[in-house]
Amino acid sequence: MSKGSRRDFLKGAASAAAVAAGASFAGAVGARAAQSIVAVEWGGNYVDEIKKIAAKQSDVDISWQLHAGGAMAILPKIKAAWPHPGIDLLSGWDPSWQAIGREGWAEPVTVERVPNLADIPQKLLVKDSAGHVVNIPRTIAAIYWFYREDNAPFAITKLDDLLDPRLQGKVLFPAPSLNSNLQMVALALHKGGDERNLEPAWDFVKQLAKSGNIGRVANADTDVTTSISSGETCVSFAAGSFTTQLARSIKIKNLTKLDQKTGFRTFLYQEGWCVLKGGNTDAAMKFANFAVNPENNAAFNRGIAGVPVNVKAKVDDEIKHMVFNNEEMDQYVYIPDWPYLSEQGDAWMKRWEQEVVPLL
Amino acid sequence: MRAVGSRILLLLPVVAVFVLFLALPMLTVLNESFRTFEPGRIGSVAGAPLTTNNYTELIHQAYFRYFAQTYLLALCASLLAIIFAFPISYYIARLAPPWMRKASVSAIIGLMFLSALVRVYSIQLTFGSAGILSPIMSAVGVNTNGRTYIYVVIVAGLLHYAIPMSILILIGAIQNLNPRLTEAAQSLGASALTSHLTITIPLCIRGLVSAFLVSMTLGISAFVIPWILGRGRVLFISNLVYSRFSEVANYPSGAAISIVMMVLSILLIYVMSRLATSLDRT
């Protein structure tokens, strides 16, 4: 057994003091540092743009995670981890708010906690069964049919053109789990039905499947980007932010603001955030409020090609085809029954697997 | 007695890991598969009533087709993988000089590190309907939009994994084979083909079955390959399971499909093991 000298003892004491002082300093710095949250965002332009907004402030330190697939794909993971989801701020859209509202996972949003909510149209706010607002909207987006002009064999002018033999293998049709099946709601509306009477759409889509025109079924938004940009397919149904970004590199014709007789209807939805219970809710609300102020809301939506929700934010020219005045809203736009749609996903997907996929 | 005690003690950590990470999650899946799903909810709600509907709804022509499609394409890929892998393995194990043996094994192992997405998109960009070879395919009358063509492309994707894995398994089996047995057969008048068919192949049967089963496992559980190369028109069981769990949040239905898939796979392994035992001549 060795015995330490007096010099060793003093050296040790000095080291311990230095470590203790360092720890104390770190603690002091920590106390002044930003509050930390975990936020889930879509990849690509979405996360790039929101990071630019986050860089403008220092109150909230954000650890970013990305959605793996559509907005619904993260919900099972939250359920598995509930009541400690490890996520404070979750990006999503209308159907996800319905599901989150039903599960009771959302921290109630109020104007006191998110003052910029006062400048956002109240119609965009989604409430749970207790009447609490569950979302903080940030973008109004449109979803509609479009085609790639330089790859289409002819100018597509009506929905029935999808059955044209010249479009053999050229239609990219989204699966019902994508876009909350609005693509089939569009077919139903054209054939005299609606989201509650989808039978005409099933008939049409079976005809389309038998025709051989469906070259690929999109199971994720990335399928739209890769299939259309590679030239595999030329016509599809997707969110405006995707088509606008595609239009920056290839010639895209957006089939919006067309006569209802053509069958090309546009659907509007809103994207935004939900603050989940059980985490750092104050910091999450604080950041969301900062991000939807007029300047930041305009900058973010300019980047992702969406329409800002803050009435004081400036709208970019590039997305004018997604902006509708009152008259145009009546003429071209259809707002579906989101709560109903959010309950039909399972049944529609099963029917798709049983009746349509075997015909493809 | 003390030795037995130490052995049990040594086994405990492994048993604990299996119970915690395999048995327990599988029991959760089994329990979920018998729960009633309420549309619009995430999975089954707490205390959801028990049901067998998640299994009975699979008794539908379309789902038979999905199961058959998955197992048949995986079977094709596994058989082709063995046919391609056996001569390569034989060459590496028996005929190649030591430096080439090392280089070949390194190259095959290196190939396994290549990202699945890179492999799949490379096939898509080459053989897809807008791929580099698409004009040539169309010129020789191949319909690149047809279902049969999609099947072929998916099998090609599965072979990307099955061939290297089979080669690695078969190298070991061939190396364990005593070459003097073949030499003895030939010295007694058997032709090269006869000695290969009656000595080499039967003595490698366990390796062949192992390679086949591993290839089948990779094929049946493939997700990205059918997801991208199947163009959403050809779906594997794993794609259905993913859709149920992640896209429509119907865990009970996804769990039921998973359980059926697992039972079928266990049956397959049992049949193949019995077959290997009956053919084994070692």
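So that the names make sense, note that chain A is the first sequence line, chain B the second, and so on, each numbered from 1.
The environment of B:Y270 atom OH is sparse: at most 12 non-hydrogen atoms of other residues, nucleotides or ligands sit within 6.0 angstrom. Within a 6.0 Å radius of NZ in A:K210, no more than 12 heavy atoms belonging to other residues, nucleotides or ligands are found. The number of heavy atoms from other shown groups lying within 6.0 Å of NZ (A:K77) is above 12. For CE of B:M165, the number of neighbouring non-hydrogen atoms (other residues, nucleotides, ligands) closer than 6.0 Å is 12 at most. Within 6.0 Å of CZ on B:F18 lie no more than 12 heavy atoms contributed by other residues, nucleotides or ligands.
Heavy-atom distances place no part of A:E355 under 4.5 Å from chain B, backbone and side chain included. Contact annotation for B:S253: only side-chain heavy atoms (C-beta onward) come within less than 4.5 Å of a heavy atom of chain A. In this structure, chain B has no heavy atom under 4.5 Å from any part of A:W82. B:S134 does not touch chain A: none of its heavy atoms, backbone or side chain, sits under 4.5 Å away.
Here the closest non-hydrogen pair linking B:S129 and A:E232 is OG-CG, 3.3 Å. Nearest heavy atoms, B:A62 versus A:P358: CB-CG, 4.4 Å. Smallest separation of non-hydrogen atoms from A:G231 and B:A130: C-CB, 3.9 Å. For A:K79 against B:G43, the heavy-atom pair with the smallest separation is NZ-C, 4.1 Å. What you find for B:E247 and A:S177 is that their closest heavy atoms are OE1-OG, 3.1 Å. The two residues A:V357 and B:R233 have their closest heavy-atom pair at CG1-O, 3.5 Å.
Your options are A:M349, A:Q344, A:E343, and the one with the most heavy-atom pairs under 4.5 Å with chain B is A:E343. Taking B:Y66, B:F37, B:Y121 one by one and counting their heavy-atom pairs under 4.5 Å with chain A, the maximum is reached by B:Y66. The greatest number of non-hydrogen atom pairs below 4.5 Å with chain A, out of B:I42, B:V45, B:L125, B:V248, is found for B:I42. Comparing B:R41, B:R147, B:Q124, B:R65 by how many heavy-atom pairs each has under 4.5 Å with chain A, the most go to B:R41. Most heavy-atom pairs under 4.5 Å with chain A: of the set B:N145, B:L235, B:I150, B:V234, this distinction falls to B:N145. Of all the listed residues (B:Q61, B:E57, B:R244), the one sharing the greatest number of non-hydrogen pairs under 4.5 Å with chain A is B:R244. For the set A:G215, A:G345, A:S342, A:G169, the count of heavy-atom pairs under 4.5 angstrom toward chain B peaks at A:G215.
For the pair A:N219 (side chain) and B:W227 (backbone), a donor-acceptor distance under 3.5 Å is absent.
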Would A:R102 and B:E38 count as a salt bridge (charged side-chain N to carboxylate O under 4.0 Å, His left out) here? Give the steps. CA-CA 11 Å; A:R102 275 192 288 266; B:E38 193 182 313; over 6 Å; no
Would B:N250 and A:K350 count as a side-chain contact (heavy atoms from CB on, under 4.5 Å) if you check the C-alpha gap in whole Å, the side-chain angles of each, and the deciding distance to 0.1 Å? CA-CA 11 Å; B:N250 184 348; A:K350 282 178 185 163; 3.3 Å; yes
